[in-house]
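Heads up, the thing below is written out as structure tokens.
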Amino acid sequence: MSANSITDWSDAYSNGAYIPDASAFPGKWQVMASAFRDDLRAANRLREDISYGPHLRNRFDLFLPEGTPKGLVVFVHGGYWMSFDKSAWSHLAQGTLAHGFALAMPSYVLCPEARISDITRQVGAAITAAASEVAGPIHLTGHSAGGHLVSRMNTSTSPLGADVLARLKKTVSISGLHDLRPLMKTKMNETQRLDLAEARAESAALLEPLDGIDITCWVGSAERPEFRRQNALLENLWSGFDVSVSSVEDAGKHHFDVIDGLADPDHRLVRTLLGV
């Protein structure tokens, strides 16, 4: 379905309605994440609730590999900027840790308490704080709204400082939303409160990328057509700049299982993220 044939934009961005047993996924994520945190806590390889700002949600967990980290990965969760926190995704650090990288996983203040532009600045602050804890190259990844947020870090109006950007090695935006304007037509926008000015200012696809960045946009081939379209946008629009940009459709994966590869050290998703 092309964008100009969509009449129900809320449906176009609805994932759970098109995924079998969708309601079971959040519970499964929480169980796996909690068990993984227990294991890392017992091994003294987890630092929890590190503050990066004044709000109670301005906290991140830092998962540590065995030995000195080779660098830092930051994973930013999704939930349409309206739901979830860092506690549901801890198990996704497994692939990163197996290759010797540390992984930081932040929460952030959600809409409607925060605007999306506020969340962008929060994530920039979280990445900056995590970068002060771990030396070496920085690799960013995030899912859905988190994919938007890590892509946004690579733009000319990035909230990241020059010192952090100089360490930025690779970004993988998973099911990322790179043009926020269509979301203004959804029911969700009653909570997100996007207006046209903010949608334009916060859409990576409408911004210039920073010179030299390396980004891969990753989506499941079984995801909603709008997510597949959004995934292709950056490669389409940024290919004319001095950047490395590519896109991948992961065969058979839908919006809720496309992230599973992050937990597998040998998965192509992890190898793409880490360059290994």
Side-chain angles (χ1 to χ4, degrees), residues 1 3 6-40 61 63 75-98 103 105-108 110-111 141-150 172-178 182-183 185-192 216-232 247-270 272-273:
M1 180 182 291
I6 294 174
T7 57
D8 186 343
W9 286 91
S10 292
D11 178 73
Y13 283 94
S14 174
N15 291 299
Y18 295 89
I19 295 172
D21 202 22
S23 62
F25 278 86
K28 293 176 183 177
W29 293 330
Q30 288 284 0
V31 169
M32 291 187 289
S34 179
F36 185 73
R37 284 196 304 278
D38 287 345
D39 289 345
L40 267 287
D61 292 340
F63 300 89
F75 173 85
V76 183
H77 72 81
Y80 278 123
W81 309 273
M82 302 185 301
S83 60
F84 292 115
D85 60 31
K86 58 186 173 60
S87 68
W89 320 99
S90 309
H91 56 291
L92 298 180
Q94 291 176 81
T96 289
L97 298 182
L103 186 141
M105 199 168 288
S107 294
Y108 46 84
L110 302 172
C111 299
T141 190
H143 177 234
S144 197
H148 155 263
L149 291 162
V150 296
V172 177
S173 173
I174 307 169
S175 309
L177 297 164
H178 303 128
L183 297 169
K185 305 174 186 178
T186 70
K187 181 74 171 175
M188 293 184 294
N189 200 43
E190 293 177 4
T191 301
Q192 295 160 347
T216 296
C217 301
W218 191 287
V219 74
S221 70
E223 294 208 46
R224 301 287 286 135
E226 264 297 276
F227 278 88
R228 295 172 65 195
R229 184 185 71 82
Q230 289 265 6
N231 192 67
S247 60
V248 172
E249 289 204 359
D250 199 348
K253 294 296 185 180
H254 56 63
H255 193 71
F256 288 176
D257 66 5
V258 69
I259 51 176
D260 289 353
L262 289 173
D264 178 357
D266 295 321
H267 197 280
R268 183 185 173 196
L269 180 53
V270 170
T272 299
L273 174 61

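Note that the coordinates shown come from a computational prediction; the quantities given were computed from them, not determined experimentally.
Between Phe256 and His254, the two ring planes are perpendicular [angle over 60°; tilted spans 30° to 60°].
Considering every non-hydrogen atom in both Val150 and Thr141, the closest pair reads CG1-O, 3.6 Å. The two atoms that bring Leu103 and Met105 nearest to each other are CD2-CE, 3.4 Å, heavy atoms only. Residues Ser14 and Ala17 approach most closely at OG-CB, 3.6 Å, considering heavy atoms. The shortest non-hydrogen separation linking His178 to Cys217 is CE1-SG, 3.7 Å. What you find for Leu97 and Phe63 is that their closest heavy atoms are CD2-O, 3.5 Å. Minimum interatomic distance between His77 and Phe84 (heavy atoms only, all atoms of both residues): CE1-O, 3.4 Å.
A distance-only check finds no donor-acceptor pair linking the side chain of Arg228 to the backbone of Val219 [under 3.5 Å]. A distance-only check finds a donor-acceptor pair linking the side chain of Asp8 to the backbone of Asp11 [under 3.5 Å]. Formation of a donor-acceptor pair under 3.5 Å by the Asn231 side chain with backbone atoms of Ser175 is not found in this model. With hydrogens and angles disregarded, a donor-acceptor distance shorter than 3.5 Å links the side chain of Arg37 to the backbone of Ser87. Put simply, the side chain of Tyr80 gets close to the backbone of Tyr13: a donor and an acceptor are under 3.5 Å apart. Using a distance-only test at 3.5 Å, with no hydrogens or angles considered, a donor-acceptor pair links the side chain of Ser221 to the main chain of Gly252.
Taking the six-membered ring for Trp, Phe75 and His143 have ring centres at least 6.0 Å apart.
Annotation: side chain of Lys185 is not in contact with side chain of Ile6 (no heavy-atom distance under 4.5 Å). Within the 4.5 Å cutoff, side-chain heavy atoms of Arg268 are placed close to those of Trp218. Contact of the Asn189 side chain with the Trp9 side chain is not registered, since no non-hydrogen atoms from C-beta on lie closer than 4.5 Å. Side chains of Ile259 and Leu92 form a contact here, defined as non-hydrogen atoms less than 4.5 Å apart. With contacts defined as side-chain heavy-atom distances shorter than 4.5 Å, the pair Lys253/Ile174 does not qualify.
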Checklist entry - Passes side-chain contact (heavy atoms from CB on, under 4.5 Å), Leu273 versus Leu262? Steps please. => result CA-CA 9 Å; Leu273 174 61; Leu262 289 173; 4.2 Å; yes
Item to check | Verdict with supporting geometry, Asp39 and Gln94, side-chain contact (heavy atoms from CB on, under 4.5 Å) | outcome: CA-CA 11 Å; Asp39 289 345; Gln94 291 176 81; over 6 Å; no
Item to check | Chi angles and distances behind the side-chain contact (heavy atoms from CB on, under 4.5 Å) call for Trp81, Leu177 | outcome: CA-CA 11 Å; Trp81 309 273; Leu177 297 164; 3.7 Å; yes
Next on the checklist: Apply side-chain contact (heavy atoms from CB on, under 4.5 Å) to residues Val258 and Phe227 and explain how you reach the verdict.
Outcome noted: CA-CA 12 Å; Val258 69; Phe227 278 88; over 6 Å; no
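Annotation: the span from His91 atom NE2 to Gln30 atom CD amounts to 9.5 Å, rounded to 0.5 Å. A distance of 6.5 Å separates OG of Ser144 from CG of Asn15, quoted to the nearest 0.5 Å. Taking CG from Asp61 and OG from Ser107, the interatomic distance works out to 7.5 Å, rounded to the nearest 0.5 Å.
Environment of NZ in Lys187: sparse, with no more than 12 heavy atoms of neighbouring residues, nucleotides or ligands closer than 6.0 Å.
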